[in-house]
Amino acid sequence: MSGAAKRAGSPTRAISPPPLKRKVESTVTKRTVASFFTPTSQKKPEKITWRVVNNSVVIGKYTTDPGDQPARREKAKVAAFDLVSPAGFTKFEDKLTTHDAGLHFGRDSLRQQLSPGLFGLEVVFSQRTDETAGAECGWAVVIMSNQKRISLQKDLKGGRADSKSLTNFKERVTGVMRQIDIPISVYAATEDDENRKPRTGMWREFVEDYDLDVFGVDLAASFYVGDAAGRPRDHSAVDRGFALNVGIPFKTPEEFFLNKAAKNVPELFNPSSYLKTDSADNVPVPFARQSPRELVIFCGSPGAGKSTFYWNHLEPLGYERVNQDNLKTRQKCIKVAKEFLAAGSSVAVDNTNADPNTRAEWVRVAKEFNVPIRCIHFTSPPELCKHNNAVRAANRSLNPESRPSLPGIAFGDFLKRFKEPTLDEGFSDIVRVDFRFQGDEEARRIWGQYWV
């Protein structure tokens with residue numbers, strides 16, 4: 001087994017520091033150079049095929065043997081890599097023209113201009129005996145990358161490949177695959193759906209494509225290499241979350257390709273910590289009516305669980321719901337709430353009500369109708385709210401109101417305006433609600449994964 005393969009099974013929590021610049025020697029082979037200068041009429045048929053699944057996932061498959069691959073007789077080991085990392089080329093796209101990407105060998109060698117990680121895959125297959133290296137060694141090699149910037153609707157722009165087009169992406173990836181020249185596939189998620197990492201749609205598609213569900217995947221021996229690991233300077237932790245969702249070891253490019261020692265990072269948001277298993281007898285009643293007619297307003301971030309709380313706890317008590325997502329404006333909400341109160345009903349205002357000025361408008365309504373006003377404060381932190389938003393938007397079974405995914409600005413705007421409610425604002429009481437997941441086993445399985 002090669003050195004890189006031996007390093008594949010490290011812990012998933014210890015993570016190395018961000019990448020350092022380093023020089024890389026060229027590994028361009030005579031075969032790749034010769035292929036570049038071979039006339040098109042004399043070249044063999046292309047070894048890569050492309051397809052798009054559900055207008056979402058772009059899939060490319062590169063083979064080195066035109067015949068069928070040997071039948072698999074044991075669990076597969078999967079070597080999976082991110083593309084937007086030192087294991088890919090997109091960090092260098094500003095330095096390279098479309099012509100350079102995968103086509104130009106006359107200057108500094110493409111392998112030196114691009115980050116070396118992806119080409120380091122050859123180390124994994126140092127034991128290969130022929131052109132079917134991946135199959136011979138029992139490895140299935142795949143790149144899985146988030147590529148939301150690709151526009152599947154714009155293959156061409158003004159007669160030339162646009163930087164966001166599928167055509168441009170295919171050209172660049174094809175150039176990389178030709179140089180690696182081992183059996184390899186690429187899966188690119190272009191939408192914010194179940195296929196986007198850390199969600200596992202691309203992995204499921206990959207397993208089905210290669211019939212890996214027949215003999216299974218050796219998860220412990222497999223690995224995923226990516227640079228979105230949740231380190232202080234990383235843009236996110238989606239690669240780490242993806243590996244945890246799939247159940248395979250995670251490595252940063254520095255750990256895998258450079259054999260750097262892993263370092264711990266601060267604990268990240270973990271959805272499973274909210275999956276409490278307390279029995280119903282041990283769960284306190286979160287809300288109870290205090291007056292025959294009262295006005296209750298919610299205060300909490302989008303995605304904090306306000307609407308679910310209403311349907312589970314206030315709707316059964318007969319409270320009418322006022323919601324700005326449905327009524328569109330606050331003034332319309334106030335008008336409808338007054339109509340309910342005038343008819344003798346209690347009202348729950350299912351809005352964010354982030355600041356004292358907004359809440360003061362509802363205090364005035366309560367005084368007008370001479371009813372007590374209560375506040376329910378939802379304490380869910382931003383990471384949990386974003387998680388709820390992503391789960392809800394991607395799973396119809398957990399989204400009874402068909403709520404669309406909210407943009408990140410919705411959460412940032414709430415935090416800018418938020419002031420914790422106090423009794424001095426005129427509330428008769430403030431009920432604090434900490435998030436508690438409720439659902440059956442299938443819902444728990446879905447919700448407990450990483451989604452952002």
Visitor: Given the rule in the side-chain contact (heavy atoms from CB on, under 4.5 Å) test, do V52 and V57 qualify, once you have shown the distances and angles that lead to the verdict?
Guide: CA-CA 6 Å; V52 177; V57 183; over 6 Å; no
Visitor: Check whether any side-chain N or O of N395 sits under 3.5 Å from a backbone N or O of V391 as a donor-acceptor pair, and report yes or no.
Guide: yes
Visitor: Does the side chain of M144 reach to within under 4.5 Å of the side chain of F242, using non-hydrogen atoms?
Guide: yes
Visitor: Tell me which one of V433, I376, T352 satisfies side chain to side chain contact (heavy atoms under 4.5 Å, CB included) with F298.
Guide: I376
Visitor: With a cut-off of 6.0 Å (strictly less than), are more than 12 heavy atoms of other residues, nucleotides or ligands near CG of N54?
Guide: no
Visitor: Side-chain contact, heavy-atom cut-off 4.5 Å: R359 with K419?
Guide: yes
Visitor: Considering all heavy atoms of both residues, which atom of T190 and which atom of N55 are nearest to each other, and what is their separation?
Guide: OG1-O, 4.3 Å
Visitor: Hey, does Y224 have a side-chain heavy atom less than 4.5 Å from the side chain of V246?
Guide: no
Visitor: With no hydrogens and no angle check, is any side-chain donor or acceptor of N146 less than 3.5 Å from a backbone partner on A189?
Guide: no
Visitor: Would you say the side-chain atoms of N351 pair up with the backbone N or O of N323, donor to acceptor, closer than 3.5 Å?
Guide: no
Visitor: Indicate, with yes or no, if the rings of F81 and F223 have centres closer together than 6.0 Å.
Guide: yes
Visitor: Within a strict 4.5 Å, meaning less than it, do heavy atoms of the L244 and Y450 side chains meet?
Guide: yes
Visitor: Do R199 and D192 sit within salt-bridge range, that is, some charged N less than 4.0 Å from a carboxylate O?
Guide: yes
Visitor: Quick check: does any side chain N or O of Y210 sit under 3.5 Å from a backbone N or O of E205, one acting as donor and the other as acceptor?
Guide: no
Visitor: Looking only at atom types and distance, does a side-chain atom of N389 sit under 3.5 Å from a main-chain N or O of L406, one as donor and one as acceptor?
Guide: yes
Visitor: Kindly give the heavy-atom pair with the smallest separation between S222 and V217, and that separation in Å.
Guide: OG-CG1, 3.7 Å
Visitor: What is the ring orientation for W447 with F435, classed by angle as parallel under 30°, tilted 30 to 60°, or perpendicular over 60°?
Guide: parallel
Visitor: Side chains of S145 and Q147 only: does a donor on one sit below 3.5 Å from an acceptor on the other?
Guide: yes
Visitor: Quick test of your reading of the model: are R240 and D234 salt-bridged, counting only N-O distances below 4.0 Å?
Guide: no
Visitor: Of the non-hydrogen atoms in P249 and A220, which two are nearest, and what is the gap between them?
Guide: CG-O, 3.6 Å
Visitor: What is the minimum heavy-atom distance between V142 and Y187, and which atoms define it?
Guide: CG2-CD1, 3.6 Å
Visitor: Which residues pass the side-chain hydrogen bond (donor to acceptor under 3.5 Å, both in side chains) test with T200, sequence neighbours left out?
Guide: R204
Visitor: Could you pull out all residues at least two apart from F309 that satisfy ring pair (Phe, Tyr, Trp, His ring centres under 6.0 Å)?
Guide: H313, F378
Visitor: Taking side chain as C-beta onward, heavy atoms only, is W362 less than 4.5 Å from C333?
Guide: yes
Visitor: Does the side chain of V186 reach to within under 4.5 Å of the side chain of W50, using non-hydrogen atoms?
Guide: yes
Visitor: So V225 and F250, do their side chains get closer than 4.5 Å, heavy atoms only?
Guide: no
Visitor: Does a side-chain heavy-atom distance below 4.5 Å link T252 with D239?
Guide: no
Visitor: Can you tell whether the side chains of E420 and R432 come within less than 4.0 Å, N to carboxylate O?
Guide: no
Visitor: What's the spacing between K306 NZ and C299 SG if we round to 0.5 Å?
Guide: 9.0 Å
Visitor: Going by side chain to side chain contact (heavy atoms under 4.5 Å, CB included), name the residues that satisfy it together with S56, two or more places apart in sequence or in a different chain.
Guide: E191, D193, N195
Visitor: Excluding sequence neighbours, so at least two apart, what forms salt bridge (charged side-chain N to carboxylate O under 4.0 Å, His left out) with R321?
Guide: D350, E401
Visitor: Yes or no on side-chain contact (heavy atoms from CB on, under 4.5 Å) for W451 and N388, after CA distance, side-chain angles and deciding distance?
Guide: CA-CA 9 Å; W451 288 85; N388 282 336; over 6 Å; no
Visitor: How far apart are the closest heavy atoms of H387 and Q449, and which atoms are they?
Guide: CE1-O, 3.0 Å
Visitor: The test is side-chain contact (heavy atoms from CB on, under 4.5 Å); show your working for V452 and V238 and say whether it passes.
Guide: CA-CA 6 Å; V452 292; V238 297; over 6 Å; no
Visitor: Quick one: does S301's side chain have a donor or acceptor within less than 3.5 Å of a partner on A304's backbone?
Guide: no
Visitor: Donor-acceptor pair, D213 side chain versus G216 backbone, under 3.5 Å?
Guide: no
Visitor: Enter the distance from M177:CE to T63:OG1 here, rounded to the nearest 0.5 Å.
Guide: 10.0 Å
Visitor: Is it the case that the side chain of S273 and the backbone of N270 share a donor-acceptor pair, with hydrogens and angles ignored and the cut-off at 3.5 Å?
Guide: yes
Visitor: Yes or no on salt bridge (charged side-chain N to carboxylate O under 4.0 Å, His left out) for R233 and D227, after CA distance, side-chain angles and deciding distance?
Guide: CA-CA 10 Å; R233 283 187 256 177; D227 64 349; over 6 Å; no
Visitor: What's the shortest heavy-atom distance between I48 and Y62, and which atoms?
Guide: CB-CD1, 4.1 Å
Visitor: List in chain and number order the residues that pass side chain to side chain contact (heavy atoms under 4.5 Å, CB included) with D355, two or more places apart in sequence or in another chain; answer none if no residue qualifies.
Guide: N357, T358, R417
Visitor: Can you tell me which residue pairs pass the salt bridge (Lys or Arg N to Asp or Glu O under 4.0 Å) test with a partner in residues 376-400, sequence neighbours excluded?
Guide: none
Visitor: Between I59 and T49, does a side-chain contact (heavy atoms from CB on, under 4.5 Å) hold up when you go through it step by step?
Guide: CA-CA 8 Å; I59 302 174; T49 57; over 6 Å; no
